[in-house]
Amino acid sequence: MKLIHRGVDQLVFRLSKREHEALTTTLRLAALFPRGNEPLSRESAGLNKQVPSAQADLDEAMADHRLEQTAGVTALITDPRRCTKLEAGGWRLTLNDADSNRLLQVLNEIRVGAWEKLGRPDFESEKRPAVTEDNFLCFWAFQLTDLFEGVLLAALEGEEPDPDLPEVD
Amino acid sequence: MPGTIEIVQPDVEIAKDSKSSEARTPGYLVVCWNDPVNLMPYVTHVFRTVFAWDRAKAEKHMREVHEKGKSVLAREAFEKAEFYVHQLRKFSLHATLETAE
């Protein structure tokens, strides 16, 4: 996945056939890594007494947001005007800033969900879990989200497209 | 004296405010905690997006999270602090709302 054009509120990426398959497969993994609710506060034990509805408000907002973002990305990936199959092979993905941030959020939600399912390991420590038949999809999702997020972040932070890059592989 | 206007100065009493500026500052902290899952460029991007910070400020807070375990991103009244926590959570960052002691 490579940035091929930058316009006003528009980023255009080129994906090979395999990259497109990897992206769509990764996005479908969201259902395998559902995320639970997290406490609103960590240190302020009395916060829930001060504002009793705050935790419920957060949980409801997050549930609604996850549904909206997943639906939005599904619509994006299946819209032939924004995710276009090229006759010469490969795909072209056209995103505005809102689309880019939505895709970034959904990918990162999958990444964090996979990490939670792995038992929240610290990959920088020596306690890295072994890859097994049960968890290989978590590792797969972790690596793939890393790849796609990296490309999106570089583009959102101003990376210029490579003018010599061909439109398709 | 005819034709002159007597100006009466109002009594001015300086309000005695025993509260310090610290105490008047809104009392909820938006805290972001370190985790081994979110990429550093991602965290910087989220801070820039949510708070409209420049890159240097966003990177400073990202490094504080990474090196010290947490960073206080904002001190606000409840509604605004809650809004920021919701926004950060939408990007899957480990952000919490804490009361300022």
Side-chain angles (χ1 to χ4, degrees), chain A residues 35 37-51 53-55 57-62 64-66 68-69 97-98 100-102 104-116 118 120-125 127-128 142 145-147 149-150 152-158, chain B residues 26-59 62 65-67 69-73 75-101:
Chain A
R35 301 208 46 223
N37 296 324
E38 300 261 346
L40 174 65
S41 183
R42 184 188 271 202
E43 295 178 330
S44 306
L47 185 63
N48 282 336
K49 286 182 181 172
Q50 290 176 37
V51 192
S53 66
Q55 182 68 52
D57 291 345
L58 174 64
D59 297 345
E60 186 179 349
M62 290 306 301
D64 290 347
H65 179 72
R66 285 171 180 142
E68 283 173 20
Q69 295 298 79
D97 280 353
S100 302
N101 273 302
R102 180 178 292 119
L104 197 56
Q105 281 185 15
V106 170
L107 286 167
N108 205 60
E109 184 82 0
I110 294 166
R111 178 181 175 81
V112 175
W115 172 72
E116 288 176 346
L118 281 169
R120 301 180 178 227
D122 183 351
F123 289 105
E124 291 180 0
S125 76
K127 295 177 182 173
R128 190 185 179 94
F142 205 77
T145 52
D146 195 344
L147 174 78
E149 283 185 34
L152 281 170
L153 283 167
L156 283 166
E157 294 296 318
Chain B
Y28 292 90
L29 307 178
V30 178
V31 180
C32 187
W33 302 83
N34 190 30
D35 62 52
V37 63
N38 286 301
L39 303 165
M40 287 194 278
Y42 178 80
V43 175
T44 302
H45 172 76
V46 175
F47 289 171
R48 293 186 70 190
T49 303
V50 172
F51 296 102
W53 288 344
D54 60 32
R55 189 188 302 271
K57 185 172 183 181
E59 284 184 346
M62 178 277 290
V65 171
H66 186 65
E67 291 164 6
K70 69 176 182 180
S71 179
V72 176
L73 306 181
R75 180 177 180 140
E76 297 287 352
F78 178 80
E79 287 78 10
K80 196 160 187 181
E82 183 188 40
F83 169 79
Y84 283 140
V85 170
H86 283 207
Q87 296 307 305
L88 294 164
R89 291 283 184 99
K90 287 174 180 177
F91 280 94
S92 315
L93 295 196
H94 189 178
T96 62
L97 184 63
E98 310 295 344
T99 49
E101 300 300 335

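Values in this document were obtained by computation on a predicted structure and should not be read as measured data. Chain A is the first sequence line, chain B the second, and so forth, proteins listed ahead of strands; every chain is numbered from 1.
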At a heavy-atom separation under 4.5 Å, does [X] approach chain B through its side chain, its backbone, both, or neither?
X: Leu152(A); result: neither
X: Glu149(A); result: side chain
X: Leu40(A); result: both
X: Leu156(A); result: side chain

Exercise for the section: Verify the neighbour count for atom CD of Glu60(A): are there more than 12 heavy atoms of other residues, nucleotides or ligands below 6.0 Å? Expected result: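 Check fails, neighbour count at 12 or below.
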Exercise for the section: Examine distances only and state if a side-chain atom of Ser41(A) and a backbone atom of Thr96(B) form a donor-acceptor pair shorter than 3.5 Å. Expected result: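 Judged by distance alone, no pair lies under 3.5 Å.
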Problem - Backbone N/O of Arg42(A) and side chain of Glu98(B): donor-acceptor pair under 3.5 Å - result: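 At least one qualifying donor-acceptor pair exists.
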Handout entry: Contact leader toward chain B among Arg120(A), Arg66(A), Arg111(A), where contacts are heavy-atom pairs under 4.5 Å
Key =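 Answer, by heavy-atom pair count under 4.5 Å with chain B: Arg111(A).
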Practice task
Start with the C-alpha distance between Ser92(B) and Arg35(A), add both sets of side-chain angles, then the distance that settles side-chain contact (heavy atoms from CB on, under 4.5 Å), and finish with yes or no.
Solution key: CA-CA 10 Å; Ser92(B) 315; Arg35(A) 301 208 46 223; 3.8 Å; yes
Exercise for the section: Identify the heavy atoms of Pro121(A) and Pro36(B) that sit nearest to each other, and give their distance. Expected result: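 Answer, listing the atom of Pro121(A) first, then Pro36(B): O-CG, 3.6 Å.
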Problem - Considering all heavy atoms, the nearest Glu38(A)-His94(B) contact - result: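 Taking Glu38(A) first and His94(B) second, the nearest heavy atoms are OE1-NE2, 4.4 Å.
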Point-to-point distance, once rounded to the nearest 0.5 Å, from [atom1] of [X] to [atom2] of [Y]:
X: Gln69(A); Y: Phe91(B); atom1: CD; atom2: CZ; value: 8.5 Å
X: Glu157(A); Y: Tyr42(B); atom1: CD; atom2: OH; value: 12.5 Å
X: Leu153(A); Y: Met40(B); atom1: CG; atom2: CE; value: 12.5 Å

Problem - Leading residue by heavy atom contact count with chain A [cutoff under 4.5 Å; candidates Val31(B), Val37(B), Val46(B), Thr99(B)] - result: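 Among the listed options, the one with the most contacts to chain A is Val37(B).
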Problem - Short side-chain donor-acceptor distance under 3.5 Å, His86(B) and Asp57(A) - result: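 No.
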